[in-house]
Number of protein chains: 2
Amino acid sequence: MASSHGKQNGTSITDVAALADVSIATVSRVLSGRRTKDDDIARRVRKAAHELNYSVNSAASALRSDVSNTIALSMPATSTLMAASVVTAVSEAASTAHMQLLLGIDGTAAAQHRRIKTFCGHPTDGIIVLPCPRAGVSLTWGIATDTPIIQLLGSTNLLRHDWVSIDNGASVELAVTHVVERGAASVAYLSDEVASSDGAETLLAFQSSLNLLHVRTDNEWITIADGTVQRGFSDTMRMFAGRGADQIPEAVICSSSDTAIGVLIALGQLSINVPGQVQVVSLQDNEAAASSTPALTSMRAPLQQMAAESLRLIANAQANGSDTEMGARLGRHVMFPRLVIARQSTRESNDD
Amino acid sequence: MASSHGKQNGTSITDVAALADVSIATVSRVLSGRRTKDDDIARRVRKAAHELNYSVNSAASALRSDVSNTIALSMPATSTLMAASVVTAVSEAASTAHMQLLLGIDGTAAAQHRRIKTFCGHPTDGIIVLPCPRAGVSLTWGIATDTPIIQLLGSTNLLRHDWVSIDNGASVELAVTHVVERGAASVAYLSDEVASSDGAETLLAFQSSLNLLHVRTDNEWITIADGTVQRGFSDTMRMFAGRGADQIPEAVICSSSDTAIGVLIALGQLSINVPGQVQVVSLQDNEAAASSTPALTSMRAPLQQMAAESLRLIANAQANGSDTEMGARLGRHVMFPRLVIARQSTRESNDD
DNA sequence: TTGTACGCGTTATCAC
DNA sequence: GTGATAACGCGTACAA
């Protein structure tokens, strides 16, 4: 019978206590680190635990202590690399904090809503939510729980929850500054989808950065289309073929790294040197960007930091108790600019 | 005190029982679906549970019943899209089976070994392991547990565990058959990294498929290099520029979709029609493949099926009890060929 | 410092 | 079919 449905490793704290010849309380204290002394008793306990291949039953632990050392992550089913990086970053942050990670991926806002509700039924210290593209503020409505909920990324504010996101404006300003510091006096921008508020925000910030830094651009140098390699290739051919040095931009910023790779190939065909004559920057980083020729200078969201910040906010919410007043408190909003990963498609800095 | 560390939603089964005026046993039976009748009692219970926003405490449930409805997934920190798709597929399969998913991402075999050990301490119905690239068979040694462990993908067999993986040979044979059925009499193959056993297996299967189908190839048409766009571009230029129709292959198979996109761009430059004069297939599918011009015919691992199969094997292992004899049993090996996603870079089938 | 005993919320068992 | 009660494994207040 024991073997028919026995999960776990049959051994329990009682077995360890018996083998080490101490009480279960002592075992509990030693293994949870609440007994700091490293004397004979502690060693005996650890030895017994090791010999029996014992590990605490987290279900019992969570039930008893109301602390599960588990966080949950709810996110949409995007096939982009960004999503994969988020999972990795959150997983690493959880590991660092000695926490387990519960993951739920859902395609629709309704499914995500149900998911979050389910997470609340589990012994979870906090929930990180990456809202579906079209999810509105109602995503977490009607969910009454003491479990802290943190919004990570997403373009619409869930309100009432703390929110960790990317500063798109500051990011593109950093990109422009990067190429200007390296000698560019004119810049082109190949954007994909301005439909989303993120895209529009980025385009706006691009233009205001140019004003601020007194950099030249041209209506023909700002194009909006899909983010493919071929689009970068054809836009570049149109923009650069058969033009003099004063008729072409000295830098190209692309919102997609595929587009930027198309730009590189086209410039190669036109025998225009990168980064000597034209610098290229991608606002998105991935494996292809790192392995292109020349390797693409790209921007990357500091996801490790953002994941760690999310966990910090969760821990904070736990410590402060549920709410100060009546839950009317609005969430904090922490924004991180993207980092510049300098590679070979932009010049050496003058400051070096 | 209750509010200072209270996880969960304060309400428990007792509250529901009181409000519905039944015993806690009945509540448990109704909500777990073990009481099929849908009479007044059942409705009262469900209504009370809904009003109190009650959801079962899974920690208590797991503790008592030894069934946690939770599976764990351990995988390496690859930044490839494939990894992201695996996570999505396993997550979906888990949702379908009404299971929670515990995720652990680790960069080294040692870390992954520790991770699996940790998972065993949790109330988990099964563990799916996607071994690190360089992990050997020792990955799960010294881990004594009743929890079923299933290997998913990976190139070295963990032995003793059931293994769900991709049939590389059958996959490339399907790719060759696909273009041959559509009229190609000669095929080129642009491979990346033959270092891995997967790559070598694929190359071998490519060559034997050609023999089998009496298709022509050429030493110069089989190249091995990185998987970048530019490599596809330059290889194609070298292979096609200035040659007659009988000196070029009628189909190109690429192991990377980036390489295939480079091939498309180069053929476009050379005014060679795709798929009219040359068909192109990528053994790897992603967003870029779908949005290129023409859209790339690609192959995709049937990850949904593979994830579902993994869950089935876990359920099976549970039902059969731990082991038949002494754990000396070797795991089953289930292989799935990749699916062909027919798009515009190959012709219409003659059979249609 | 160590051990005893209780209780966390749920499901399984048994009597009705 | 329903209800009372024991038990799951652990953490901790309290007694020693």
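Residue numbers start from 1 in every chain, and the chains themselves are labelled A, B, ... in the order their sequence lines are given, proteins ahead of strands.
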With a cut-off of less than 4.0 Å, is there a side-chain N or O of [X] near OP1 or OP2 of [N]?
X	N	value
A:R34	D:dT12	yes
A:S28	D:dC10	no
B:S23	D:dT2	no
B:S58	C:dT10	no
A:S12	D:dG9	no
B:S65	C:dT11	no

Subject >> 5'-most by nearest nucleotide on DNA chain C - B:S32 or A:A25 >> reply: A:A25
Rounded distance in Å - [atom1] ([X]) to [atom2] ([N]):
X	N	atom1	atom2	value
A:D39	C:dT1	CG	C1'	10 Å
A:D15	D:dC10	CG	P	9 Å
B:L63	C:dG9	CG	P	12 Å
A:N69	D:dC10	CG	C1'	14 Å
B:R35	C:dA12	CZ	P	17 Å
B:N57	C:dC8	CG	C1'	9 Å
B:I24	C:dA12	CD1	C1'	11 Å
A:I41	C:dG3	CD1	C1'	11 Å

Original post:
Under a 4.5 Å cut-off applied to non-hydrogen side-chain atoms, are B:V22 and B:I41 in contact?
Top reply: yes
Original post:
Does some side-chain heavy atom of A:L103 sit less than 4.5 Å from a side-chain heavy atom of A:M75?
Top reply: yes
**OP:** Carefully, step by step, assess B:T88 and B:S85 under the rule side chain to side chain contact (heavy atoms under 4.5 Å, CB included).
**Re:** CA-CA 5 Å; B:T88 304; B:S85 309; 5.6 Å; no
Subject >> Donor-acceptor pair (no angle test) under 3.5 Å: B:R64 side chain, C:dT11 base >> reply: yes
**OP:** State which of D:dG9, D:dG1, C:dG3 makes the closest approach to the side chain of A:A60.
**Re:** D:dG9
Original post:
Of all the choices, D:dC10, D:dG3, C:dT11, which nucleotide is nearest to the side chain of B:I13 once you look at every atom?
Top reply: C:dT11
Original post:
Can you check whether A:S68's main-chain N or O pairs, donor with acceptor, with A:T70's side chain at less than 3.5 Å?
Top reply: yes
Original post:
Across the strands shown, which category fits A:R29 at heavy-atom distances under 4.0 angstrom: base, sugar-phosphate, nothing?
Top reply: base
Subject >> side-chain hydrogen bond (donor to acceptor under 3.5 Å, both in side chains) partners for B:Q151, two or more places apart >> reply: none
